[in-house]
J.: 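Shown below is the structure under consideration.
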Amino acid sequence: MISRRLPRLLRLLPAAWPAPSPGSGSRRTSGSSRGSMNVFDREMKRRQRRWAGSLQDSHLFDYLRDEVGGRVADRVYDIARTFPLALDIGGGKSHIAEHLSKEVVERLFLTDVSEKTLRRRTDIPTHCVLADEEFLPFPENTFDLVVSSLSLHWINDLPAALRQIHQVLKPDGVFIGAMVGGETLYELRCSLQLAETEREGGFSPHVSPYTAVTDLGNLLGQAGFNMLTVDIDDVQVHYPGLTEVMTDLQGMGESNCAWNRKSLLHRDSMLAAAAIYKEMYGNEDGSVPATFDILYMIGWKPHESQAKPAKRGSATSSFRNLSEIKPPAP
């Protein structure tokens with residue numbers, strides 16, 4: 001659990017991506033120009049990130065990205081090699097790079113959709129580029145390493161984005177990423193649905209849809225990556241109540257931006273949801289838990305020097321005979 005104390009209030013790690021943020025526009029549906037899924041309003045997300053980055057105390061809302069960025073950086077160190085040129089997609093305030101050293105990454109390109117959140121906080125020579133995660137403005141075979149933390153869950157066409165990442169990597173380059181997925185925020189989702197059904201006779205989605213961990217490996221494989229690794233952190237955190245969660249989410253620029261989002265959440269429904277949340281999931285100390293999953297992925301761009309799996313049917317022993325196999329003599 002990660003927590004930090006703020007004046008007059010103990011705010012714990014937020015675990016929701018619901019509710020519209022200030023300045024949200026009208027709701028509409030639109031088809032993608034490429035014929036792909038178009039779930040999120042990318043312009044709305046850009047405005048949310050810009051608004052959050054312009055806050056005077058915006059650093060108070062960086063704790064989730066800093067924590068997950070550190071865990072992504074740990075996976076970079078596990079590879080035990082030096083990367084001459086790296087790319088951080090949706091890196092914002094260098095949430096991954098601040099945990100890396102020049103001995104691991106010699107030069108870095110940092111991208112984000114908002115100029116307000118695009119800041120360098122590392123000793124690594126860094127080039128900041130204003131770019132959308134869905135359209136990477138880099139040539140093929142450019143980077144030795146691509147990383148991303150907590151930005152891919154807002155992409156409309158994730159398969160195409162992964163293919164672009166694969167394209168800009170050099171052969172034998174590696175992609176290491178983290179995104180929100182799975183059964184994240186089931187407590188919040190259930191509470192909001194029950195409250196709106198009771199007070200308004202129906203409910204609208206307030207929590208973003210997430211990629212399932214079972215799908216992530218398939219998506220990476222279809223994009224051309226091999227030697228895949230996918231793992232998940234199942235994290236439960238606690239916070240005082242629903243209002244504090246919404247406030248922190250807006251400060252993080254992580255409010256819902258789906259096209260089918262509801263333009264507002266009625267006060268009665270909010271109060272009912274907060275009461276249902278505490279009744280169904282509340283802790284003895286008055287706090288409420290929120291469960292969310294962080295999906296971590298590692299994929300390599302193929303190269304002839306990489307180890308290859310043995311051909312099908314080339315095994316010399318059967319699993320049925322494992323107990324009979326003797327270890328080699330010391």
Side-chain angles (χ1 to χ4, degrees), residues 1-21 48 52 60-68 71 150 153-154 178-216 231-258 260-296:
M1 183 188 303
I2 305 163
S3 63
R4 60 189 179 91
R5 186 171 296 278
L6 299 182
R8 296 176 296 173
L9 176 66
L10 178 64
R11 290 186 179 180
L12 302 179
L13 187 67
W17 275 255
S21 71
Q48 290 174 352
L60 297 178
F61 306 102
D62 290 338
Y63 46 97
L64 176 59
R65 288 194 176 90
D66 285 341
E67 172 64 23
V68 178
R71 299 186 185 191
L150 299 186
H153 56 279
W154 293 119
M179 62 184 296
V180 174
E183 295 299 320
T184 298
L185 305 178
Y186 69 88
E187 304 101 334
L188 178 62
R189 185 183 296 111
C190 182
S191 299
L192 289 171
Q193 290 178 356
L194 289 174
E196 283 195 319
T197 300
E198 175 192 354
R199 298 301 174 92
E200 303 177 37
F203 63 87
S204 300
H206 293 283
V207 178
S208 169
Y210 301 115
T211 301
V213 65
T214 52
D215 297 330
L216 196 53
D231 63 288
I232 183 170
D233 275 344
D234 188 7
V235 181
Q236 187 177 81
V237 296
H238 305 269
Y239 52 85
L242 204 61
T243 302
E244 291 78 15
V245 176
M246 299 296 186
T247 300
D248 272 22
L249 291 172
Q250 289 185 343
M252 294 168 62
E254 288 293 332
S255 298
N256 192 5
C257 69
N260 64 347
R261 69 189 182 277
K262 196 173 182 179
S263 59
L264 58 90
L265 188 60
H266 293 296
R267 183 174 181 272
D268 287 347
S269 297
M270 279 282 293
L271 294 174
I276 292 171
Y277 210 140
K278 285 186 178 291
E279 178 66 25
M280 293 182 63
Y281 306 107
N283 300 313
E284 293 182 359
D285 62 359
S287 65
V288 290
T291 302
F292 65 97
D293 304 326
I294 303 296
L295 309 183
Y296 296 93

J.: What heavy-atom pair brings P240 and K278 nearest, and what distance separates the two atoms?
T.: O-NZ, 3.1 Å
J.: Do you know which two heavy atoms are closest between V68 and A178, and how far apart they sit?
T.: CG1-CB, 3.8 Å
J.: Any donor-acceptor pair under 3.5 Å linking the side chain of T197 with the backbone of Q193?
T.: yes
J.: Minimum heavy-atom separation for L242 to M270, with atom names?
T.: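 Residues L242 and M270, closest heavy atoms: CD2-O, 3.8 Å.
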J.: Might you point out which heavy atoms bring L295 and A212 nearest each other, and give the distance in Å?
T.: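 Closest heavy-atom pair between L295 and A212: CD1-C, 4.3 Å.
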J.: Between Q250 (side chain only) and T247 (backbone N and O only), is there a donor and an acceptor less than 3.5 Å apart?
T.: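 No; judged by distance alone, with no hydrogens or angles, the pair does not exist.
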J.: Dump the intermediate steps for side-chain contact (heavy atoms from CB on, under 4.5 Å) on V288 and Y239, then the final yes or no.
T.: CA-CA 6 Å; V288 290; Y239 52 85; 3.5 Å; yes
J.: Do D293 and V213 come close enough that some side-chain heavy atom pair is under 4.5 Å?
T.: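 Sidechains of V213 and D293: no contact.
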J.: How far apart are the closest heavy atoms of R65 and M252, and which atoms are they?
T.: NH1-O, 3.1 Å
J.: Heavy atoms, side chains only, cut-off 4.5 Å: are R71 and I294 in contact?
T.: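 Side chain of R71 against side chain of I294, heavy atoms only: no contact under 4.5 Å found.
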J.: How close do A273 and L192 get, heavy atom to heavy atom, and via which atoms?
T.: CB-CD2, 3.7 Å
J.: Suppose we screen for ring pair (Phe, Tyr, Trp, His ring centres under 6.0 Å). Which residues come up paired with Y281, at least two apart in sequence or across chains?
T.: Y277
J.: Are H238 and D285 packed together at the side-chain level, in the sense that at least one heavy-atom pair is separated by less than 4.5 angstrom?
T.: no
